[in-house]
Every structure is written in structure tokens, then in C-alpha cells.
Amino acid sequence: MTLKKFLLFTFLFSFRMQAEDWPMYLKDLAHSSYNAAETTLGIKSIANLRPSWTYSAGASLGSAVTLSSGILYFGDWGGNFNAVDAQRGTLLWKSFLGKAASPAASPCFPSIGVSSQAVVIGNTVYAGGGDSAVYGLDKSNGNIVWRTPLADPAVGSYLWSSIVPYQNMLYVGVSSLGDCPIVRGAIARIDPQNPQTPLVRYVVPPDATGGGIWSTPVIDADTNTVFVTTANGDRQDAPAGFWIGAILKLDPETLTNQASYLLPESDSVTDLIGGSSPTLFTTTAGTP
């Protein structure tokens, strides 16, 4: 991964901003990235965009932005989570949500803060921290309501995955910071009403590593299904429970594996599948 430093977060407008919410990663549960209400931006108008305001986070930005009720929510690699007024570009509050552990060797990925995109539900903002924990934050002031650690950042774990809400639960993947070292991959299901007892389902056996879920889960609400992709590892062996380089179809209640597609074993170590989040769509012939 090539690191680029983005210190400035800029909104570009030449017209009045429309406060259409973008509540989660890639817009919705299916990852459509599509806003049907958008009628202003187009191939003719986009050339007329001009800066309206600029906000400096003071650190690199690896987190996409969630827009809810006129407020922008996003984390930065300094470990802070920011709430910014979308009209004025002014900081409303910021909270420190931790950083990954410093690497043991210089070639490893450096210690960074927040990359996971947040989701806003009611009066709470749910965000993945740089310390491999999920946070519930008070939307009005950023105060931490609860914190749920999912893995140990000291051994190289990290939450690249964004938070996905479904049926009053939160879903997020667990992976390594940068394969240095590779950690045991997992998907977690958190009940915001009882966050201290998350369900964590690993994709390799105990004492094994690999299968990090650094993509973001997608939800098929029509079939009540969670889909995730898993990354690389030293061994791909589905009968033995090594779900490396795979797309997994999971039950949302138990996170048990219902079906899978595995890359050819010769390709599974190259991260060809684990870095991309699934997207649901229906073909013109009606095939989901």
C-alpha cells in the first residue's frame, strides 16, 4: 500500500449543499454507493466546483466520511475521531480513539489511528478505533459511552473494516495492520445494548493466523445474509477450518458459515480477494 498524506479535508461547492445523508460505508447495506436523490452533480456541473471551506485534521485521513443531519464524522491517523459542521467546516468535537501499536521492525506498516468508517444511529456514533476496539460515542459531544476491544493491537491486529449496522447489531471485520505479522482474522457481531459480550467468529483455527477481514461486510437483507471476504495466510484448507482467500456467506445471528467460494490455492496468498469488499446488485435479467 502506498501511503499518501492528506492533511486537508476539503468540500468543493459552487452551489448550495444538499444535506443528503451518507450514513455508512458505501452508502447502504448493499454497498451500492448510489444516491438516487442526487440531481445537482453531473458531467457538466462538476467542472464548476470550487472550495467552500477547508478543515485541517492535522493528520493523514484514511477513513471515509459519514454524513448525518448536517454533520461530518470521520477518523484520522493521529487517532482522533472528528465531528465537523458540514456547512461551515468548523470542528464541533473530537475524541481520541487510540492508535495501533508501534511496529517491531522498520519495514512494517507504521502505527496509525482510525481508518474504519463510522455509522450514526439515533444519538450514538459507532466507530472503530485505532486500538482494535469499537466505540459508542455520544453524538452531541463525542463522549465515550462504551468501548469494546475485539483484538490485541500489541500483536498486530487492526480494524481496517468499517462498521455495518443490521437488525440492531453492529458488524465489523478484524485483520492485521499490514501483515507484519499476520494475525488471526475474524468477524465480530456487537449488540450496542450489551457491547461487552461481542460474538467473535474466527476464520482460522486457534493458534493459527491468516484470513484477515480488512474489507467491510455486506448485508443481503432480502435473504438475511452477511457476506465477507477473507485475506491471505499460509494455508487454505476449508475442511480443517482455514478459510483463506474466500468469500463467506454467514448467518447474521451466529456468524456460522453457510456457503463459500475459495480462490484457487495458488492465488490465495496474493490478497486478490481479501482487500475488496463485496457489493450486491441484480442483473438486468433479474439475477441477484
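Within 6.0 Å of the CG atom in N168, the count of heavy atoms belonging to other residues, nucleotides or ligands does not exceed 12.
Screening residues 93-105 for side-chain hydrogen bond (donor to acceptor under 3.5 Å, both in side chains), with sequence neighbours left out, gives no hits. Screening residues 186-245 for disulfide (SG to SG under 2.5 Å) gives no qualifying pairs among residues at least two apart or on separate chains. Residue pairs satisfying the ring pair (Phe, Tyr, Trp, His ring centres under 6.0 Å) criterion with at least one member in residues 232-252, sequence neighbours excluded, are absent. Applying the salt bridge (charged side-chain N to carboxylate O under 4.0 Å, His left out) test to pairs two or more places apart or on separate chains, those with a residue in residues 56-85 are D85-R88.
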Using distance only, find each side-chain donor-acceptor pair of residues 141-150 under 3.5 Å and give its atom names and separation, not counting sequence neighbours.
from: N141; atom 1: OD1; to: N143; atom 2: N; distance (Å): 3.0
from: N141; atom 1: OD1; to: N143; atom 2: ND2; distance (Å): 3.4
from: R147; atom 1: NE; to: D131; atom 2: OD2; distance (Å): 3.3
from: R147; atom 1: NE; to: Y135; atom 2: OH; distance (Å): 3.1
from: R147; atom 1: NH2; to: D131; atom 2: OD2; distance (Å): 3.1
from: T148; atom 1: OG1; to: P195; atom 2: O; distance (Å): 2.8

Validation: residues 281-288 side-chain donor-acceptor distances under 3.5 Å, sequence neighbours left out:
from: T283; atom 1: OG1; to: A285; atom 2: N; distance (Å): 3.3
from: T283; atom 1: OG1; to: G286; atom 2: N; distance (Å): 3.4
from: T283; atom 1: OG1; to: T287; atom 2: N; distance (Å): 3.0

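Distance check: I190 CD1 to L199 CG gives 10.0 Å after rounding to the nearest 0.5 Å. Taking CG of L49 as the start and CG of L41 as the end, the distance is 6.0 Å to the nearest 0.5 Å. I182 contributes atom CD1, which lies 11.0 Å from atom OG of S175 (distance to the nearest 0.5 angstrom). Taken from CG in L26 to OG1 in T279, the straight-line distance is 6.0 Å, to the nearest 0.5 Å. The CD1 atom of I244 sits 8.0 Å away from atom CG of D234, with the distance rounded to the nearest 0.5 Å. If you take OG1 on T229 and CD1 on I247, they are separated by 7.0 Å, rounding to the nearest 0.5 Å.
A heavy-atom distance below 4.5 Å is found between the side chains of Y126 and P192. Contact check for Y73 versus N82: no side-chain heavy atoms found under the 4.5 Å cut-off. The side-chain heavy atoms of I163 and S116, taken from C-beta on, include a pair separated by under 4.5 Å.
Contact detail for V119 and P165: the closest heavy-atom pair is CG2-CG, 3.6 Å. Considering all non-hydrogen atoms of both residues, G128 and V114 come closest at O-CG1, 3.3 Å.
In this structure, I71 is not a member of the same hydrophobic cluster as I121, with clusters built from ILVMFWY side-chain heavy atoms closer than 4.5 Å. Hydrophobic clustering places V203 together with L255 (ILVMFWY residues linked when any side-chain heavy atoms are closer than 4.5 Å, directly or through intermediates).
Qualifying side chain to side chain donor-acceptor pair (under 3.5 Å) partners for S140, counting only residues two or more places apart in sequence or in other chains: D138. The side chain to side chain donor-acceptor pair (under 3.5 Å) check on S176 picks up D179, with sequence neighbours excluded. Shown here are the ring pair (Phe, Tyr, Trp, His ring centres under 6.0 Å) partners of Y171, two or more places apart in sequence or in another chain: there are none. Qualifying ring pair (Phe, Tyr, Trp, His ring centres under 6.0 Å) partners for Y25, counting only residues two or more places apart in sequence or in other chains: H31. Every side chain to side chain donor-acceptor pair (under 3.5 Å) that D28 has, sequence neighbours left out, goes to S32. Residues meeting the side chain to side chain donor-acceptor pair (under 3.5 Å) test with Q258, sequence neighbours left out: none.
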Stepwise side chain to side chain donor-acceptor pair (under 3.5 Å) test for S132 and S157 | CA-CA 7 Å; S132 299; S157 71; 2.8 Å; yes
Check against side chain to side chain donor-acceptor pair (under 3.5 Å), Y166 and N224 | CA-CA 10 Å; Y166 179 60; N224 194 36; 2.8 Å; yes
Candidate pair Y55 and W53, rule ring pair (Phe, Tyr, Trp, His ring centres under 6.0 Å), full reasoning | CA-CA 7 Å; Y55 169 76; W53 53 258; 7.3 Å; no
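For T230 (side chain) and A246 (main-chain N/O), a donor-acceptor pair under 3.5 Å exists by modelled atom type. At distances below 3.5 Å, at least one donor-acceptor pair connects side-chain atoms of T216 with backbone N or O atoms of S162. At least one donor-acceptor pair under 3.5 Å links the side chain of Q236 to the backbone N or O of L263. Proximity of a side-chain donor or acceptor of T225 to a complementary backbone N or O of T223 within less than 3.5 Å is detected. The closest donor-acceptor contact from the side chain of R201 to the backbone of T254 lies under 3.5 Å.
For Y158 and W77, the ring centers are positioned 6.0 Å apart or more.
Side-chain contact check for N194 and T197: at least one donor-acceptor pair (N or O, by modelled atom type) lies under 3.5 Å.
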